[in-house]
Amino acid sequence: MPKAHTYLIRYPSASLLFVQLLGIVLYPFMERLSEGRAIVGAFGIIVLAMSLRMVRSSPTIQWIAFTQAACILALTVAVEFEYNTALAILLAALESSFYFYAAGGLIAYMMEDQRASTDELFAVGATFTLLAWAFAHAFSVCQLLSPGSFTAAINPEAERTWVELLFLSFTTLSGVGLSDILPLRPFARALVMLEQFAGVMYIGLVVTRLVSLTVRPKPQ
């Protein structure tokens, strides 16, 4: 078995992080294809399955995540066969809920030990991407419920694409402030403020604790 393959199996957080980052690179190409929405949905199922694997490793209630995943899979198929705004809203809301729950499970997984393992260090990045995906889906719900919630320098009146919403989510969560996409409606601004708060707390509490555990001297 190839060494890289063995490494990803040994560290599931690393494999989840790798797939999430791969998605960031591939999404712009997917959106240009005529079957772009279906391909993005299929890729999302892969991320969903890998996230479920991580939830199984965490001390969270697993049946909640598996129930959410089953509903997401069914709705993804239904939306692809016949697009319906109500179903799209429900799907995006369930996806947001699932990724928030998976991120919470990874945070619990990282916080339960007194020493930081290699996989837990990869989990820092994987959790960040899960939170970014969760808020991006929340933005999608907001946009579907209230068109015009977000604007941008290019085509300000157009509906924002998945890549644009994910870009807004990453820039907001990381606090770098480089996004040219702006929330216009009150609920959209509330979601952005919540993500800003989540980003600060994640860095301040979770990442800081993991860093402190890596430098803590081993017990004699």
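Every heavy atom of this structure was used, including side-chain atoms; hydrogens, water molecules and symmetry mates were not. Index from 1, following the sequence.
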*asked:* Return the CG to CD1 distance between L94 and I89, rounded to the nearest 0.5 Å.
replied: 12.0 Å

*In the single-linkage hydrophobic clustering (I, L, V, M, F, W, Y; side-chain heavy atoms under 4.5 Å), do L130 and F197 co-cluster?*
no

*If you group Ile, Leu, Val, Met, Phe, Trp and Tyr by side-chain heavy-atom gaps below 4.5 Å, do L182 and F167 land in one group?*
no

_Does any part of the side chain of F139, heavy atoms only, come nearer than 4.5 Å to the side chain of S169, both counted from C-beta?_
yes

*Going by heavy atoms in the side chains, are I107 and T127 under 4.5 Å from each other?*
yes

_Value rounded to 0.5 Å, distance of OG1 in T76 from CG in L91_ = 4.5 Å

*State whether the side chain of T161 and the backbone N or O of E164 hold a donor-acceptor pair below 3.5 Å, judged by distance alone.*
yes

*Do V77 and F98 belong together in a cluster built from hydrophobic side chains that touch within less than 4.5 Å?*
no

*asked:* Under a 3.5 Å distance rule, please check whether Q143 uses its side chain to pair with a backbone N or O of R160 as donor and acceptor.
replied: yes

_Heavy-atom check, side chain of T151 versus side chain of I181, under 4.5 Å_ = no

*Return the minimal non-hydrogen interatomic distance between A92 and S140, and the atom names on each side.*
CB-OG, 4.1 Å

*Rounded to the nearest 0.5 Å, what separation is found between the CZ atom of R185 and the CZ atom of F150?*
10.5 Å

_S174 side chain reached by F128 side chain, heavy atoms, under 4.5 Å_ = yes

*asked:* Is there a side-chain contact between W133 and H137 in this structure, where contact means two heavy atoms from C-beta onward sitting under 4.5 Å apart?
replied: yes

*asked:* On a heavy-atom basis, which atom in A103 and which in L131 lie closest, and how many Å separate them?
replied: CB-CD2, 3.7 Å

*Does any N or O in the side chain of T172 come within less than 3.5 Å of the main-chain N or O of L168, such that one atom is a donor and the other an acceptor?*
yes

*Find out whether V25 and L21 are in side-chain contact, i.e. whether some heavy atom of one side chain is under 4.5 Å from a heavy atom of the other.*
no

_Donor-acceptor contact below 3.5 Å, side chain S146 vs main chain C142_ = no

*Looking at F170 and T129, what are the two nearest heavy atoms and their distance?*
CZ-CG2, 4.2 Å

*Of all heavy-atom pairs between A78 and L87, which one has the smallest distance, and what is that distance?*
CB-CD1, 4.3 Å

*asked:* I need the minimum non-hydrogen distance between L184 and R189, along with the two atoms involved.
replied: O-NE, 3.6 Å

*Between CD on residue E95 and SG on residue C71, distance to nearest 0.5 Å*: 12.0 Å

*asked:* Within the structure provided, determine whether L173 and Q196 are in side-chain contact (heavy-atom separation under 4.5 Å).
replied: no

*Indicate if L22 and L17 have the same hydrophobic cluster label, given that clusters are the connected sets of ILVMFWY residues with side-chain heavy-atom separations under 4.5 angstrom.*
yes

*Could you tell me whether the side chain of S97 and the main chain of A93 form a donor-acceptor pair under 3.5 Å?*
no

*Do L194 and I203 share a hydrophobic cluster (ILVMFWY, side-chain heavy atoms under 4.5 Å, transitive)?*
yes

*Do F135 and Y99 have their ring centres less than 6.0 Å from each other?*
no

*Determine the minimum heavy-atom distance between A123 and Y202, stating which atoms define it.*
O-OH, 4.1 Å

